[in-house]
Amino acid sequence: MSATAVIGCQWGDEAKGKIVDLLTDRHEIVVRFQGGNNAGHTVVCEGQTYKLSLLPIGVLRNGITSVIANGVVINPKALLGEISGIRARRELPAENLLISDRAHVIFPWHMAEEAILESSRKGEKIGTTMRGIGTCYRDKAGRTHAIRMGDLCHVGTIRDRIQAVAEEKNRLLAPVSPDHQPLDGAQIADEYLGYADQLRPHVVDTTAYLHKAIKAGKRLLFEGAQGALLDVDHGTFPYVTSSNSSGAGLHSGSSVPERHLSRVIGVVKAYTTRVGGGPFPTELDNPIGEHIRQVGREFGTVTGRPRRCGWFDAVASGYGARISGATCLSVMLLDVLSALDELKICTAYEIRGERTTDFPSRVEDLAAAVPVYQTLSGWKKDITGARTLTDLPREARVYLDTIAELIGERIDYVSVGPDRAQTIVCGQDGVSAT
Ligand code: GDP
Ligand code: IMO
Ligand code: MG
């Protein structure tokens, strides 16, 4: 057993990218297994900042193989843009990036359909990234209009297939959207065949590759995108993404079964953020929320939208950690809370007079949840230079211990700044913060 997974346990943007980067030293293969270019993962190392959407973080290290596995949905244009952006800054040999022939392809009609669906939705919008993610997964599940990377790169009938799907999409979209500009199937086919020529050297059967790698004893690192509360099955449906973005999606999205996984790092922010619509019980629509947004630079990596900010929610994060099978936690952005006098952690919800520590399945119940808070003292001290737990003020250690106790998992990493070096490695032996 030699595989590690890094999974967000909140609503995404937990700083998974930083932890994946930190762990690449000890792994040989980094695997993305769901989502697409709705993700935005940031790595800051030696003064350089990288933002990756589709490429696994492994591309930032020499000698690592990066795998975009079957569960990812791929916008080829966005992927090629990202590859050339990386190649302008560092080497990326073709053999170090493998793309699954089973991964599904995002086409212009997916963006067109999403725009119609989002604008015609009654009530609160889902607030998607408008990258065609949900509509591509919809076609994957629907099967009839889907095209996979293997089909795209297989010279033969793909031109006809793209034109046929484009025609069918025009037929479906025209009546529901009078403004619909017909999609030009021939032009899309030309464009996508050009992408296929460039991506073909990377496209392989990643399932076979990963299974051989496991047999050869290679160390795998799985890079989750989004977070458990955005999981299409387990998250705050319908205000979710369209993949299994909790740990549950790792196995179907990569073909690697659970028995090969030795460690699941559940990543949480020291507070909570959310982008897009949907209930958020601990949201702070007040100056404290604004303070966290400014200090934490809580603006979307992909869309630039301001992220909604709130107190740490142990009910929501604990649920996310359980769903994902977290064996330890990584608590991120602790430094952002440094200037606050006191801090609150949500320990339970009161829903229509009933107290619960279960995370409700219906968003109506979550919207009605009134958080029950435990109040803790702040530390009012700069902690960005802390490198061991003992460098932290006692109040910060109590705060971490409270999170660990409420979630029921030990904390292996604490992050006190965006840079790779600004990390406290607590060890895998469950050292208590206090
Ligand atoms: P991801 O999608 O989970 O990888 O997270 P994002 O990259 O979207 O958002 C995390 C943001 O927090 C990035 O801008 C990181 O550079 C930044 N970051 C990561 N760790 C820390 C930390 O400990 N403190 C602060 N202040 N920023 C951090
Ligand atoms: P990373 O990997 C935070 C959110 C969107 C929207 C919902 C559905 O950087 O953590 P979609 O475009 O996926 O259909 O949008 O999911 N969302 C994210 N929020 N971090 C992400 O990725 C997200 N990817 C999607 O804002 O609410
Ligand atoms: Mg992000």
Side-chain angles (χ1 to χ4, degrees), residues 6-22 32 34-45 48-54 56-57 72-73 75 106 110-111 114 117-118 124-138 223-232 235-243 245 265 267-280 292-308 330-338 382-384 386 413-424:
V6 173
I7 308 286
C9 293
Q10 296 164 322
W11 278 288
D13 299 327
E14 298 89 349
K16 300 173 290 293
K18 171 171 169 168
I19 290 299
V20 173
D21 175 59
L22 196 72
R32 271 285 303 273
Q34 44 69 233
N37 62 330
N38 49 350
H41 297 176
T42 315
V43 172
V44 182
C45 185
Q48 296 260 9
T49 300
Y50 295 91
K51 291 183 184 293
L52 300 178
S53 282
L54 267 164
I57 298 287
V72 176
V73 286
N75 178 324
I106 298 179
H110 291 125
M111 270 72 88
E114 182 169 29
L117 290 169
E118 268 289 86
E124 190 180 6
K125 307 275 180 240
I126 292 172
T128 75
T129 58
M130 304 301 277
R131 299 292 192 270
I133 304 294
T135 39
C136 184
Y137 278 119
R138 198 165 79 144
E223 176 179 346
Q226 291 79 55
L229 305 178
L230 288 170
D231 186 293
V232 66
T236 46
F237 192 88
Y239 301 97
V240 291
T241 192
S242 299
S243 66
S245 52
I265 301 170
V267 189
V268 292
K269 274 179 177 156
Y271 46 95
T272 312
T273 62
R274 171 158 213 184
V275 208
F280 178 178
I292 293 175
R293 185 175 304 115
Q294 293 306 329
V295 178
R297 298 203 188 113
E298 294 293 359
F299 297 87
T301 312
V302 172
T303 58
R305 288 178 291 176
R307 296 176 182 149
R308 300 156 67 190
S330 186
V331 180
M332 314 303 285
L333 295 105
L334 186 66
D335 54 299
V336 173
L337 300 179
S338 288
D382 180 7
I383 60 166
T384 54
Y413 303 94
V414 178
S415 178
V416 292
D419 198 273
R420 179 177 231 256
Q422 292 175 298
T423 314
I424 299 172

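Counting starts at 1 for both ligands and their atoms, in listed order. All figures in this text were calculated on a predicted structure; none of them were measured in a lab. Residues take their numbers from the sequence shown, with the count starting at 1.
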Between the candidates L333, T273, D21, which shows the shortest non-hydrogen contact distance to atom 28 (C) of ligand 1? L333
Atom 20 (N) of ligand 2 has as its nearest protein heavy atom D13 OD1, 3.1 Å
Which residue supplies the protein heavy atom nearest to atom 18 (C) of ligand 2, what is that atom called, and how far is it? L230 CD1, 3.7 Å
Of the side chain and backbone of V240, name the one, both, or neither that has a heavy atom under 4.0 Å from an atom of ligand 2. backbone
At the 4.0 Å heavy-atom cut-off, does G127 count as touching ligand 2? yes
Decide whether the shortest distance between a heavy atom of E14 and an atom of ligand 1 is less than 4.0 Å. yes
Check contact between R131 and ligand 2, using heavy atoms of the residue and a distance below 4.0 angstrom. no
Which atoms of ligand 1 sit under 4.0 Å from any heavy atom of R307? 8 (O), 9 (O)
Numbered atoms and elements of ligand 1 in range of V416, under 4.0 angstrom, heavy atoms: 23 (O)
Tell me, please: is G8 in heavy-atom contact with ligand 1, that is, under 4.0 Å? no
Return the closest protein heavy atom for atom 26 (O) of ligand 2 as residue, atom name and distance. R305 NH2, 2.9 Å
In terms of side-chain heavy atoms, does T423 have a donor or acceptor partner in K18 at a distance below 3.5 Å? yes
Specify whether an N/O/S atom of G40 falls short of 2.8 Å from the Mg ion (ligand 3). yes
Taking non-hydrogen atoms only, is V267 closer than 4.0 angstrom to ligand 1 via side chain, backbone, both or neither? neither
Is the closest heavy-atom distance from G8 to ligand 2 below 4.0 Å? no
Looking only at protein heavy atoms, which one is nearest to atom 7 (O) of ligand 1, and how far off is it? T42 OG1, 2.5 Å
Could you tell me if any non-hydrogen atom of K16 lies under 4.0 Å from any atom of ligand 2? yes
Looking at ligand 2, does any of its N/O atoms fall within less than 3.5 Å of an N/O of G40? yes
Just heavy atoms, cut-off under 4.0 Å: does W11 contact ligand 2 by side chain, backbone, both, or neither? backbone
Is there a polar contact, in the sense of an N or O pair closer than 3.5 Å, between V275 and ligand 2? yes
Just need the protein heavy atom nearest to atom 5 (O) of ligand 1, so name the residue and atom and give the distance. A15 N, 3.2 Å
The atoms of ligand 2 lying under 4.0 Å from a heavy atom of I126, numbered in the order shown, are 27 (O)
Under 4.0 Å from one or more heavy atoms of T129, ligand 2 contributes atoms 11 (P), 12 (O), 15 (O)
Numbering the atoms of ligand 2 from 1, which are under 4.0 Å from a heavy atom of G276? 27 (O)
Protein non-hydrogen atom below 4.0 angstrom of atom 25 (C) of ligand 1 present: yes
Atom 22 (O) of ligand 2: closest protein heavy atom, distance to 0.1 Å, is Q226 NE2, 3.5 Å
With heavy atoms under 4.0 Å as the rule, classify the contact between R274 and ligand 2 as side chain, backbone, both or neither. neither
Quick one: do the Q226 and S245 side chains pair a donor with an acceptor below 3.5 Å? no
Considering T128, T241, L52, which one's heavy-atom position lies nearest to atom 13 (O) of ligand 2? T241
Could you list the atoms of ligand 1 found under 4.0 angstrom from a heavy atom of G417? 20 (N), 21 (C), 22 (C), 23 (O), 24 (N), 25 (C)
